[in-house]
Amino acid sequence: MKDILSKITKNGRALFLAYDQGMEHGPMDFNEENVDPKKILEIANLGLFTGVILQKGIAEKYFFGNNYKVPLIVKLNGRTSLVKDEDPFSPQVCSVKEALSYGALAVGYTIYVGSEFEPMMIEEFGRIEQEAEEAGIPVISWMYPRGRNIKDENDPKVVAYAARVGLELGADIVKVRYTGDIVSFKWVVQSAGKTKVVVMGGGKEPEEVFLQKTKEIMEAGAIGLAVGRNVWQSLEPLVIAKKVADIIWS
Ligand code: FBP
């Protein structure tokens, strides 16, 4: 397991640019500019990011063969927001082998912890974890408590449980939601043990709120962020990315 994360971290810290929202939310997240994957890859490639997260289609059609220096992380499962099921399931749409063929240096997978389909996702993740281990690449699991059994997705107890499940299942990094305060988030990080923690960005917030949150997340012991909308929905994506990077690597 030595140094398995070194290709998608810098000095043990991470800043990933997430761009799988076109699948998860649809183009309503985008404007004329950021609807174009090429524009996002230009942002991701300017040196501040330690990874860009894409679904397979964009990895194949925009990343592959274009000599981008930013490490590619391929998201292996996905779903749309058009399905309004209370208990979500996110099926695998890409194999580890296919992700590697596009140049992936890591793979990601969402588990909706607490969903009635949790067992299927855990099983699928187990297989992916094994294949990634054989290929020598890290696995990031999006650990999202969701479904009828989850009363509050932000409940620190539930987020800590989700982070712990990531450790139990062998994830190298878990991506979780910030619980809103340093004390409760420290417990989330502790619960993840040797599995590293990154935090999802969420919907666009005022810059100062987002930067303050970033400081707290780092103070609590996370290794960084996997952020999308708060960067590429900004009028100046590189300016906010630089501010976030300065906090992460301070
Ligand atoms: P954002 O920073 O834009 O929130 O992206 C993080 C992310 O995890 C994406 O990878 C994913 O598409 C999205 O959030 C899923 O969010 P949700 O399921 O909460 O709508």
Side-chain angles (χ1 to χ4, degrees), residues 8 14-31 33-35 37 39-40 43-44 48-59 72-91 93-94 99 104 106-115 117-118 121 139-147 150 152-155 158-159 162-163 166 171 173-180 197-207 209-211 213-214 217 222 224-234 237 240-241 243-245 248:
I8 55 162
L15 179 55
F16 304 136
L17 188 62
Y19 190 62
D20 59 333
Q21 291 80 355
M23 174 87 189
E24 301 289 329
H25 300 157
M28 58 279 263
D29 272 1
F30 303 143
N31 61 22
E33 185 99 352
N34 55 37
V35 71
K39 292 278 186 319
I40 302 298
I43 296 170
L48 294 168
F49 292 93
T50 59
V52 62
I53 299 163
L54 304 174
Q55 279 281 354
K56 62 181 256 184
I58 294 184
L72 171 67
I73 301 165
V74 172
K75 186 73 198 311
L76 300 184
N77 65 341
R79 68 192 293 269
T80 76
S81 60
L82 299 171
V83 179
K84 301 294 176 202
D85 44 4
E86 275 190 274
D87 285 282
F89 174 58
S90 184
V93 294
C94 180
V107 290
Y109 184 95
T110 300
I111 300 176
Y112 292 113
V113 188
S115 163
F117 300 108
E118 180 200 275
M121 288 176 275
V139 180
I140 306 168
S141 60
W142 280 224
M143 299 304 290
Y144 288 178
R146 200 161 287 178
I150 307 295
D152 175 7
E153 292 181 11
N154 297 303
D155 180 347
V158 173
V159 179
I173 299 180
V174 285
K175 175 175 168 186
V176 295
R177 173 186 296 284
Y178 182 46
T179 51
V197 175
V198 297
V199 176
M200 65 180 280
K204 181 90 172 59
E205 294 178 295
E207 185 178 300
V209 174
F210 190 67
L211 294 176
K213 195 166 100 174
T214 304
I217 287 163
L225 298 186
V227 51
R229 289 166 287 175
N230 274 285
V231 168
W232 46 254
Q233 283 182 352
S234 162
I240 180 132
K243 289 179 184 169
V244 171
I248 291 178

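Whatever order the structure lists ligands and atoms in, that order sets their numbers, starting from 1. Nothing fancy with the numbering, it's 1 onward along the sequence. Being a predicted model, the structure only gives us computed values, none of them experimental.
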Check whether any N or O atom of Arg229, backbone or side chain, sits under 3.5 Å from an N or O atom of ligand 1, and answer yes or no.
yes

Shortest heavy-atom approach to atom 19 (O) of ligand 1 - which of Lys204, Glu24, Arg146
Arg146

Answer yes or no for Asn230: is there a heavy-atom contact with ligand 1 below 4.0 Å?
no

side-chain contact (heavy atoms from CB on, under 4.5 Å) between Phe89 and Met121: does it pass, once the steps are laid out?
CA-CA 7 Å; Phe89 174 58; Met121 288 176 275; 3.6 Å; yes

The closest protein heavy-atom partner of atom 15 (C) of ligand 1 is His25 NE2, 3.7 Å

So, 4.0 Å and heavy atoms of Asp20: is ligand 1 close enough to count as a contact?
yes

So is Tyr144 close enough to ligand 1, meaning a heavy atom under 4.0 angstrom away?
yes

Hey, does Val227 come in under 3.5 Å of ligand 1, counting only N/O atoms on both sides?
no

Looking at residues at least two apart in the chain, or sitting in another chain, which of them share a ring-ring contact (aromatic ring centres under 6.0 Å, His included) with Tyr109?
Phe125

Measure from the ring center of Phe210 to the ring center of Tyr178 and say whether it is less than 6.0 Å.
no

Checking contacts here: is it the side chain or the backbone of Met23 that comes within 4.0 Å of ligand 1, counting heavy atoms only? Could be both or neither.
neither

Residue list, ring-ring contact (aromatic ring centres under 6.0 Å, His included) with Tyr112, at least two apart or on another chain:
none

Would you indicate whether the side-chain heavy atoms of Phe16 and Val52 approach each other to under 4.5 Å?
no

Is the closest heavy atom of Lys175 to ligand 1 under 4.0 Å?
yes

Return a yes/no value for Gly203: is any of its N or O atoms, backbone included, closer than 3.5 angstrom to an N or O of ligand 1?
no

May I ask you to check if ligand 1 and Gly202 share an N or O to N or O distance below 3.5 Å?
yes

Report yes if some heavy atom in the side chain of Val74 is under 4.5 Å from a heavy atom in the side chain of Leu54; otherwise report no.
no

Side chain proximity check, Glu153 to Val158, heavy atoms < 4.5 angstrom:
no

